[in-house]
Amino acid sequence: MASDSNAAVLAARPAAARPASSAMKRFARRRSTIAFLMTLPLISVIGGLVVWPAGYAIYLSMLNRRQTAFIGLENFDILLDSETFRSVIWQSCFFAITAVLLKALVGFWLAHMLHHIPTKGQRMWRGMLLVPWVIPPALSTLGWWWMFDPSYSSINYLINAIGFPSVPWLGEPWWARISVIIVNVWYGAPFFMIMYLAALKSVPDQLYEAAAIDGATGWQGLRHITLPMMQNIISITVLFSLIVTFANYDIVRVLTNGGPRDLTQVFASYAFQVGVLSGNIPRGAAVSLFMFPLLAVIAYFVLRGVNKRTKEMA
Amino acid sequence: MSAAAHPSGRPSDAVPGLGRRIGSLRSERRWALWTAYISLIIAAIVMLAPPLYMLLTSMKTSAEVADLSGNPWMVHAPTWENYAAIIGNPMFRGFFYNSIILTVCVVAITMVISVFAAFALARMKFFGSQVLATGVFLTYLVPDTLLFIPLYQIVGGLGLLNSIWGLVLVYPTLTVPFCTWIMIGYFASIPKELDEAALIDGANWMQMLTKIFIPVALPGIIAATIFAFTVSWAAFVYPTAFITRPDEMPLTIGVVSQLIRGDTFAWGQLMAGALIAALPPVIVYAFLMDYYIAGLTAGATKG
């Protein structure tokens, strides 16, 4: 806009071309212009590849299968009426909540244990325990898939060895659900561990010393010092992981591909099946849009937590 | 605190019974240490068992894999033939090559976009900069599974389905927001005096960025690069949706979809392929663990 006015000045007063062009130069050297140019690629990525597709998804979800007619909310209606989709909603929520709770508990426990041992050894243990997080999940799930294989299961071999019967890991709906959760917890718990360990290290030792002198037990120290000090980071991590787990695709795709009988389908895998594999793009878009309200609410709380933390650190 | 309460001498002199309590504290410590080590050993076994089992399987012949009588956790005749077979497979080499090109392009694009943007957002207050910084964080929270269907349409409209260039176009949505976010944090922690000194010496913005900010925030840049690398190497949703032709597939979807064919799986080869595919991020992690972890935790503790 400012460059327009400069151009106008240039056109109206040809005699004053020199001061105007130096004004142009000044404008080009101005902080906000440079800043705008520097952020332009970022703005185009966010605008063109996130905001626009999100809006486009809403539009798509209101078209018919061949994308020729506008049918309003019919896709959402049909989905909510279908038994399969209702089980998808249930399974997604069950999966996300159970997996995140377990990841948080395991991660907290491991971080705590890691914090207790001498600092020298911490690096090595941390290095080993973070390995699941480093391997691309699609590939490590392939290993799990093979470990769960009905006839060659190496996990069943161990279970048999201690005298229990074989488990139909991926064949029976409930066991399939549990398998998906196990793999997700295995993959995600190390992340929680690292986050909590960083938070534990930021709690000043004097607080525990003071509490010990006042006669506090270890449990009381945890309850009244550790948890309150870590509250913010715990909630940020849990909420963030809730988003990622809720929208998870790779583990379900590789491990069960939604089976048996679509009972382990989550939003993402079902959207993929309906939208890409069966070719009903508008309905697939509608499936993934069902995630949006929940994600928006969680994102709001994450942002609040992060802002609060930024203020605390400042 | 205790010293303040008992300035006259050692705390144990002043408080009767504290000596005994310290003794019980010591045994409590020892017990806690044992619990810690036992928990960590169990956790390490569980965490490392799947990759270890993949390695064991990859070293077995097909006959040994199919043999149900033995212990699956043992290898009787270790062999590297699965690795030779998978590396000799031109399709697999193609996946690897695609992954490398894809990842190098995405990392380069990501770092250029996010370093410039983070510099502007951290140092130049301008109209809407606060909103944009919040927007960056919010886009980081948008999962890829929410957007892959409209992006499928958009990429298809551009004629880039079944091409790694379509992936080069969309992968920055996975990497740019987080990298920008942590770079804002690193840049903001650089003292203002440094850029004031540079300004007085007559440096322009570009010189300030390349001569001061990038060198000083190098650990942050390394952490962000590692993040961009691991994310684009491991990305799964977009390639699965956009690529169906084996010769354009990157490793993740290639290994998962193309090496599994028919009813009799070549498990040994499959596991060898998956392990080789997982190797680059693991190597980066092994050598740059501290940067890796710094990047991981920076998202919530900085910015």
Side-chain angles (χ1 to χ4, degrees), chain A residues 31-32 34-36 38-39 41-42 45-46 49-50 53-54 56-57 60 109-110 113 116-117 125 127-129 131-132 134-136 138-140 142-144 146-147 152 154 157 194-195 198 210 213 233 236 243-244 247 249-250 254 268 271 275-276 281 284-285 288 291-292 299 302-303 310, chain B residues 1-2 32-33 36 39-40 43-44 47-48 50-51 53-54 57 72-73 113 116-117 119-120 124 126-127 132 135 137-139 141-143 145-147 149-154 170 172-173 176 180 205 233-234 236-237 241 252 255-256 267 274 277-278 281-282 285 289 293 296-297 300-301:
Chain A
R31 215 167 133 107
S32 56
I34 300 172
F36 178 72
M38 281 181 165
T39 45
L42 173 77
V45 166
I46 292 180
L49 294 170
V50 178
Y56 187 46
L60 265 179
W109 175 253
L110 290 179
M113 294 300 106
H116 270 316
I117 66 171
W125 287 102
M128 285 200 295
L129 294 179
V131 166
V134 180
I135 304 174
L139 302 172
S140 53
L142 217 50
W144 277 99
W146 169 226
M147 289 179 29
Y152 298 98
S154 58
Y157 177 86
I194 288 295
M195 298 301 283
I213 283 161
I233 197 95
I236 293 173
I243 292 181
V244 177
Y249 173 70
D250 15 18
V254 176
V276 178
I281 294 217
S288 45
M291 288 192 275
F292 186 73
V302 176
L303 192 68
T310 313
Chain B
M1 213 171 195
S2 62
L33 206 61
S39 311
L40 289 175
M47 293 303 178
L48 295 178
Y53 189 61
M54 290 167 84
T57 308
W73 294 88
I113 295 180
F116 277 116
F119 177 62
M124 310 173 171
F126 59 94
F127 177 72
L132 189 57
F137 188 70
L138 283 180
T139 25
L141 297 180
V142 176
T145 43
L146 194 67
L147 294 178
I149 287 183
L151 282 173
Y152 178 78
Q153 287 286 92
I154 293 168
V170 296
T173 56
V176 165
T180 309
W205 289 108
W233 193 269
F236 188 67
V237 177
T252 43
V255 169
V256 169
W267 283 105
V282 173
Y285 165 69
M289 188 165 86
I293 289 172
L296 212 58
T297 47
T301 52

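What you see is a predicted model, and the numbers here were worked out from it, not measured in a lab. Chain identifiers are assigned alphabetically (A, B, ...) following the order of the sequence lines, protein sequences preceding nucleic acid strands; residue numbering begins at 1 within each chain.
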Tell me the closest heavy-atom pair linking [X] and [Y], and the distance in Å.
X	Y	answer
B:Ile149	A:Ala285	CD1-N, 3.5 Å
B:Pro150	A:Leu60	CA-CD1, 4.1 Å
B:Met47	A:Pro132	SD-CG, 3.5 Å
B:Met124	A:Ala35	SD-CB, 3.4 Å
A:Met113	B:Ala36	SD-CA, 3.3 Å
B:Ala44	A:Met128	CB-CE, 4.2 Å

Which portion of B:Leu146 sits near chain A, non-hydrogen atoms under 4.5 angstrom: both

Heavy-atom proximity to chain A below 4.5 Å, by part of B:Phe119: side chain

Taking every heavy-atom pair that is under 4.5 Å apart, which of [options] has the most such pairs with chain A?
options	value
B:Ala43, B:Ala32, B:Gly135	B:Ala43
B:Val170, B:Leu138, B:Val142, B:Leu48	B:Leu48
B:Val255, B:Leu151, B:Leu141	B:Leu141
B:Val176, B:Thr252, B:Leu147, B:Val282	B:Leu147
B:Ile154, B:Leu33, B:Thr180	B:Ile154

Results of side-chain hydrogen bond (donor to acceptor under 3.5 Å, both in side chains) for B:Thr173 - residues two or more places apart only: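 Expected list: none.
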
Main-chain N/O of A:Ser154 paired to B:Trp73 side chain as donor or acceptor, under 3.5 Å: yes

Go through [options] and name the one with the most non-hydrogen pairs under 4.5 angstrom from chain B.
options	value
A:Leu142, A:Val276, A:Val131, A:Ile135	A:Leu142
A:Ile194, A:Ile117, A:Leu110, A:Val302	A:Ile117
A:Thr39, A:Val134, A:Ile46, A:Val244	A:Val134

Atom [atom1] in [X], atom [atom2] in [Y]: separation rounded to 0.5 Å?
X	Y	atom1	atom2	value
A:Ile281	B:Gln153	CD1	CD	4.0 Å
A:Tyr249	B:Thr145	OH	OG1	10.0 Å
B:Ile293	A:Met195	CD1	CE	11.5 Å

Any side-chain heavy-atom pair of B:Pro72 and A:Tyr152 under 4.5 Å: no

Within-4.5 Å side-chain heavy-atom neighbours: A:Trp109 and B:Ser39: yes

Within 6.0 Å of OH in B:Tyr285, more than 12 heavy atoms from elsewhere: yes

Engaged part of [X] at the chain B interface, taking heavy atoms whose separation is under 4.5 Å:
X	value
A:Val254	side chain
A:Leu42	both
A:Trp144	side chain

All ring-ring contact (aromatic ring centres under 6.0 Å, His included) counterparts of A:Phe36, not counting sequence neighbours: none

